[in-house]
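All values below come from the heavy atoms of this structure, side chains included, with hydrogens, waters and symmetry mates left out.
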Amino acid sequence: MSNDKKWRCRQQQGFTLIEVMIALFIFLVIALGLARGEIAALRAQSDNSYRDQALRMAEDQLNDLRGQSPLTPRLWADASNRRAIAVPMRGGEVSFSQSSQITNIVTPAKTFILLEVAIGWNQGNGAPLPETNRNRQISLSTIIPQ
């Protein structure tokens with residue numbers, strides 16, 4: 001009977017080293033998954049803040065073009081048409097490139113002016129886009145009667 005009591009005590013003393021190692025491994029896998037999800041969320045939030053800033057800049061530029069008179073046609077390819085703007089964002093500066101194009105659209109009934117604005121920025125890898133020479137870009141356009 002005393003051997004039976006000793007056997008029960010040994011079984012109830014605690015966890016074995018293998019059980020502890022398995023539990024730590026499971027915890028590590030879960031923690032790494034959560035960290036990866038957090039990194040993805042931070043990257044998406046950063047992408048959205050760059051896109052929001054670019055959209056605000058494009059809207060401002062489009063409104064400035066609308067207010068100009070007279071509007072003379074110009075193309076994306078004009079070197080004087082592209083300018084770089086440094087914007088302070090989150091502990092550093094982000095360089096945006098702004099480009100615009102003004103095109104006359106002539107119809108038999110009326111003449112219109114097409115205003116296009118592109119704002120680009122570099123983020124990650126990728127081929128540069130022709131309008132802004134950056135790898136990320138948003139574009140806005142509007143048509144106004146002349």
For a 4.5 angstrom cut-off between non-hydrogen side-chain atoms, does [X] reach [Y]?
{"X": "P73", "Y": "N104", "result": "yes"}
{"X": "E59", "Y": "L140", "result": "yes"}
{"X": "R83", "Y": "S97", "result": "no"}

Same cluster (ILVMFWY, side-chain, under 4.5 Å), L65 and I144: yes
For residues I138 and L129: do they belong to one hydrophobic cluster (side chain heavy atoms under 4.5 Å, members Ile, Leu, Val, Met, Phe, Trp, Tyr)? no
Using the side chain to side chain contact (heavy atoms under 4.5 Å, CB included) criterion, which residues pair with [X]? Sequence neighbours excluded.
{"X": "L28", "answer": "L32"}
{"X": "I30", "answer": "I26, L34"}
{"X": "N133", "answer": "R82, P128"}
{"X": "M89", "answer": "S49, Y50, Q53, V87, V94, F96"}

Using a 3.5 Å distance criterion without hydrogens, assess whether the side chain of E19 forms a donor-acceptor pair with backbone atoms of T16.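 Yes, E19 side chain to T16 backbone: donor-acceptor pair under 3.5 Å.
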With sequence neighbours left out, what residues match [X] under side chain to side chain donor-acceptor pair (under 3.5 Å)?
{"X": "R134", "value": "S95"}
{"X": "R43", "value": "none"}
{"X": "N135", "value": "none"}
{"X": "Q45", "value": "R90"}

CD (Q98) and CG (D60) are apart, to the nearest 0.5 Å, by 8.5 Å
>> Rounded at 0.5 Å granularity, tell me how far CD in Q61 sits from CG in D64.
In response: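 Q61 CD to D64 CG: 5.5 Å, rounded to 0.5 Å.
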### Message
Does M57 form a side chain to side chain contact (heavy atoms under 4.5 Å, CB included) with L55? I'd like the steps, not just the answer.
### Response
CA-CA 5 Å; M57 291 170 62; L55 185 60; over 6 Å; no
Practice task
Applying side chain to side chain contact (heavy atoms under 4.5 Å, CB included), run through R56 and R51 and close with a yes or a no.
Solution key: CA-CA 9 Å; R56 282 192 291 275; R51 192 173 18 257; over 6 Å; no
Output side-chain donor-acceptor pairs under 3.5 Å for residues 107-121, partner residues at least two apart or in another chain, one line each.
| from | atom 1 | to | atom 2 | distance (Å) |
| --- | --- | --- | --- | --- |
| T107 | OG1 | K110 | N | 3.0 |
| T107 | OG1 | K110 | O | 2.4 |
| E116 | OE1 | Q101 | NE2 | 3.3 |
| W121 | NE1 | Q123 | OE1 | 2.8 |

Joining Ile, Leu, Val, Met, Phe, Trp and Tyr whenever any side-chain heavy atoms lie under 4.5 Å apart, the cluster holding V20 also takes in F15, L24
Quick note, side chain to side chain donor-acceptor pair (under 3.5 Å) partners involving residues 137-146, not counting sequence neighbours, are E131-Q137, T132-Q137, Q137-S139
